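Working notes for the structure below.
Computed from a prediction, not measured in an experiment: that's the story for all the values here.
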Amino acid sequence: MPDTTRPVLAVIIGSTRTGRFGPTVAQWFTTRARRRGDFEIDLIDLAETRVPANLGDHDDLVPPQVAELGARLAAADAFAVVTPEYNQSFPASLKNAIDWYYQEWHAKPVAFISYGRESGGLHAVAQLRQIFAELHAVTLQGTISLPCYWDLFAADGSWPKDGAACNTSVTTMLDQLAWWAAALSEARARTPYVA
């Protein structure tokens, strides 16, 4: 049974592409988050949710997989989105998953862990910030960006290597997520958020 005294951090793997690197990044991030002990982690892999690509109309029946993911997003107090950058943007699978929902994102913090070539996914993050602002979410200013992420493998094949900057920046990100999750959860409990 989940520990309901801790805030729920939903870690979303945004890519569904064959051979994707997102699960490796998400596993590293969730391991670091679990080690702290101040979050209940819900790892959401969009490749497993099977959310339909065609959005329904407002009065259509909600597909069961959409309802299931919606319940998980609604239960979350904070989000960490793991996204690659494809052609200076983020994957269609992530946009599709975002667009199925609205209130589930309201007044909750969103952090980004991005990866890619030289930009480290920052073009994707810039666009995601605009989208989450429209959904009344609060995006963290800091981002974990992983340029040329393949260079961060250690000699033994583990990822990331000990000296990688992300090993330090993850602590700050989790500190900020915990702060915002607590502050916004308290505010939502005191006064329901109105969009």
Can you tell me how far [atom2] of [Y] sits from [atom1] of [X], rounded to the nearest 0.5 angstrom?
X: N54; Y: W100; atom1: CG; atom2: CH2; result: 8.0 Å
X: E40; Y: R34; atom1: CD; atom2: CZ; result: 8.5 Å
X: F112; Y: F132; atom1: CZ; atom2: CZ; result: 5.5 Å
X: K161; Y: N167; atom1: NZ; atom2: CG; result: 11.0 Å
X: I144; Y: T168; atom1: CD1; atom2: OG1; result: 10.0 Å
X: R32; Y: R35; atom1: CZ; atom2: CZ; result: 5.5 Å

Going by the rule ring-ring contact (aromatic ring centres under 6.0 Å, His included), which residues pair with Y115 if we only count those two or more places apart in sequence or in a different chain?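 Testing Y115 for ring-ring contact (aromatic ring centres under 6.0 Å, His included), a comparison that skips the adjacent residues, returns F21, Y149.
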
Using a 6.0 Å cut-off, check whether atom [atom1] of [X] has over 12 heavy atoms from anything other than its own residue.
X: N87; atom1: CG; value: no
X: Q65; atom1: CD; value: yes
X: R188; atom1: CZ; value: yes

Donor + acceptor pair across side chains of [X], [Y] (<3.5 Å):
X: Q127; Y: S89; answer: yes
X: T143; Y: R129; answer: yes
X: E85; Y: S119; answer: yes

Would the distance check show the side chain of [X] and the main-chain N or O of [Y] forming a donor-acceptor pair, the cut-off being under 3.5 Å?
X: R6; Y: D38; result: no
X: T31; Y: Q27; result: yes
X: S15; Y: G22; result: no
X: S93; Y: G14; result: yes
X: S114; Y: G120; result: yes
X: D60; Y: D57; result: yes

Is there a side chain to side chain contact (heavy atoms under 4.5 Å, CB included) between R17 and Y86? Walk through the geometry before answering. CA-CA 11 Å; R17 178 181 256 177; Y86 301 151; 3.2 Å; yes

Can you name the closest pair of heavy atoms from P109 and D77 and give their distance?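 In this case the closest contact between P109 and D77 is CD-O, 3.2 Å.
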
Of all the heavy-atom pairs spanning P52 and V66, show the shortest one and how long it is.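 Here P52 and V66 meet closest at CD-CG2, 3.6 Å.
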
Is there a path of hydrophobic side-chain contacts, each under 4.5 Å between heavy atoms of I/L/V/M/F/W/Y residues, joining [Y] to [X]?
X: Y101; Y: I98; value: yes
X: V8; Y: F29; value: no
X: W105; Y: V82; value: no
X: I44; Y: V11; value: no
X: L43; Y: V81; value: no

Is any side-chain heavy atom of V110 closer than 4.5 Å to a side-chain heavy atom of L140?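 V110 vs L140: side chains apart.
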
Is there a side-chain contact between D45 and R20 in this structure, where contact means two heavy atoms from C-beta onward sitting under 4.5 Å apart?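 In short, these two side chains touch, coming nearer than 4.5 Å.
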
Apply side chain to side chain contact (heavy atoms under 4.5 Å, CB included) to the pair V125 and F90, showing each step before the final yes or no. CA-CA 8 Å; V125 170; F90 55 92; over 6 Å; no

Given K108 and V138, is the side chain to side chain contact (heavy atoms under 4.5 Å, CB included) satisfied, shown in steps? CA-CA 6 Å; K108 296 178 183 179; V138 177; over 6 Å; no

Which atom pairs, one a donor and one an acceptor, fall under 3.5 Å between side chains of residues 175-187 and the rest of the protein, sequence neighbours left out?
unit_1	atom_1	unit_2	atom_2	d
D175	OD1	R36	NH1	2.8
D175	OD1	R36	NH2	3.1
E186	OE2	R190	NH1	3.3

In this structure, is the centre-to-centre distance between the rings of H106 and Y102 below 6.0 Å?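 Yes.
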
Derivation and outcome, side chain to side chain contact (heavy atoms under 4.5 Å, CB included), residues L146 and C166: CA-CA 8 Å; L146 304 166; C166 59; 3.8 Å; yes

Taking the inter-plane angle between the rings of W28 and W159 on a 0 to 90° scale, is it parallel (under 30°), tilted (30 to 60°) or perpendicular (over 60°)?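 Perpendicular, since the angle between the ring planes exceeds 60°.
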
Partner of L46 under side-chain contact (heavy atoms from CB on, under 4.5 Å), chosen from V51, I12, I13: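 Exactly one pass, corresponding to I12.
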
